[in-house]
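Here is the naming used below: chain letters follow the sequence lines, and residue numbers restart at 1 for every chain.
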There are 2 protein chains.
Amino acid sequence: MVQYSNAPLDLSFAALSDATRRGIIGQLVRGDASITSLADRFQMTLTGIKKHVQVLERAGLVVTQKVGRVRTSQLGKRGLKAEAEWIEAHRMLFEARFDALDEIIMQMQQEDSDEPAR
Amino acid sequence: MVQYSNAPLDLSFAALSDATRRGIIGQLVRGDASITSLADRFQMTLTGIKKHVQVLERAGLVVTQKVGRVRTSQLGKRGLKAEAEWIEAHRMLFEARFDALDEIIMQMQQEDSDEPAR
DNA sequence: TGAATACTGAACCATACGGTTCAGTATTTG
DNA sequence: CAAATACTGAACCGTATGGTTCAGTATTCA
């Protein structure tokens, strides 16, 4: 048995699994945004958007601050480094496996040509 | 309003948001595995593991095949390319934003030194 | 053939998710 | 001060998730 558990990745991958939330990130890349502006853009109630922003916040992808009556969201400094690292590491291993297979296949073909028909 | 929706990414990010499922991928990188062997390794019932494998399958990350009474799981050929691309693209934009900020700060400092005390 | 193995499916459970409405509260603005 | 704006919180709803147990079914082994 092995104990796998990495809450930060749990939270951020879960946050990224929703199209609206990915959209919010895409929007924040172009500039900070209020709850109202996001609600307009994504055709959703303020409450709905607020919940999405909270999910992104809990995942550390977004930070918000309230000035007067307006809450502004912006991208968190933490960024997507940890997520990129997990994905990249495993992507390489995924591909390594298929490359290994390719290599075996190539080797087999090599052996075939080493052994010309007699 | 913009319509954001990308079911494949929804499914794969959701699949990756669970530590057990990331663990299963980590295991499959080292070789194909039966439901029973995964259940042993992750201290979970066969039924529980089977559900996780199904989630990974629906996301296209894993494929399975049953031979005799044993179902073997292996990594899907599709890999993590789309996920890596989304993350990388947005990571760069995340960082570009902070770099831009850094640049503005540097420019301000530049202007300060352009204007020596009189 | 009979027992052991490996999985499968249905049912259930508690909790979380994605969304809404509705009734506030706090902050501008005229 | 009154009205408009921007958000907030509670409550609710239907569905999904992560897990279990239990009762099969299909395969393999002795």
- Take atom CG of A:Leu46 and atom P of C:dA26, then tell me their distance rounded to the nearest Å. 18 Å
- Note on the structure: Rounded to whole Å, the CE-P distance (A:Met44 to C:dT21) equals 12 Å
- Message: Do B:Trp86 and A:Leu80 have side chains that approach each other closer than 4.5 Å (heavy atoms only, starting at C-beta)?
- Response: yes
- Message: Distance check needed: D:dA6 P versus A:Asp40 CG, whole Å only.
- Response: 9 Å
- Task: Can you sort out which residues in residues 56-65 of chain A have a heavy atom within less than 4.0 Å of DNA chain D? Ascending by number, please.
- Result: none
- Say whether A:Val53 and A:Val29 are linked into one hydrophobic cluster, either directly or through other cluster members, by side-chain heavy-atom distances under 4.5 angstrom. yes
- Quick one, which residues of residues 66-73 of chain B touch DNA chain C with a heavy atom under 4.0 Å? B:Lys66, B:Arg69, B:Val70, B:Arg71
- Task: Evaluate the side-chain proximity of A:Leu61 to A:Leu16: yes if any heavy-atom separation is below 4.5 Å, no if none is.
- Result: yes
- Task: Carefully, step by step, assess A:Ser12 and A:Arg78 under the rule side-chain contact (heavy atoms from CB on, under 4.5 Å).
- Result: CA-CA 11 Å; A:Ser12 50; A:Arg78 181 161 97 42; 4.1 Å; yes
- Task: For the residue pair A:Thr72 and A:Val67, establish whether any side-chain heavy-atom pair is separated by less than 4.5 Å.
- Result: no
- Message: Between C1' on C:dT20 and CZ on A:Phe42, what's the gap in Å once rounded to a whole number?
- Response: 19 Å
- Task: Grab the CG-C1' distance between B:Leu16 and D:dT17 for me, whole Å please.
- Result: 16 Å
- What is the distance from CD of A:Gln43 to P of C:dG18, rounded to the nearest Å? 19 Å
- B:Leu38 atom CG is separated from C:dA6 atom C1', nearest whole Å, by 13 Å
- Query: Would you say the side chain of A:Phe13 lies within less than 4.5 Å of the side chain of B:Arg22, judging by non-hydrogen atoms?
  - Reply: yes
- Query: Within a strict 4.5 Å, meaning less than it, do heavy atoms of the B:Lys50 and B:Thr47 side chains meet?
  - Reply: no
- Task: Let me see the working for B:Val55 and B:Arg58 under side-chain contact (heavy atoms from CB on, under 4.5 Å), right down to the final yes or no.
- Result: CA-CA 5 Å; B:Val55 170; B:Arg58 261 181 262 127; 4.3 Å; yes
- Query: Looking for any heavy atom pair under 4.0 Å, which part of the strands does A:Ile35 touch: base, sugar-phosphate only, or nothing?
  - Reply: sugar-phosphate
- Other residues, nucleotides, ligands: >12 heavy atoms within 6.0 Å of A:Met92 CE: no
- Item | Shared hydrophobic cluster, A:Leu28 / B:Leu93 (ILVMFWY, side-chain heavy atoms < 4.5 Å) | yes
- Query: Can A:Leu9 be reached from A:Val62 by stepping across I, L, V, M, F, W or Y side chains whose heavy atoms are under 4.5 Å apart?
  - Reply: yes
Check the interface with nucleotides 9-12 of chain D: list each N/O to N/O pair with the protein under 3.5 Å, or write none.
| unit_1 | atom_1 | unit_2 | atom_2 | d |
| --- | --- | --- | --- | --- |
| D:dG9 | OP2 | A:Lys50 | NZ | 3.3 |
| D:dG9 | O6 | A:Thr47 | OG1 | 3.1 |

- Item | Under-4.0 Å side-chain N/O to phosphate OP1/OP2 contact, A:His52 with C:dC17 | no
- Taken to the nearest whole Å, CZ/B:Arg22 to P/D:dG18 is 11 Å
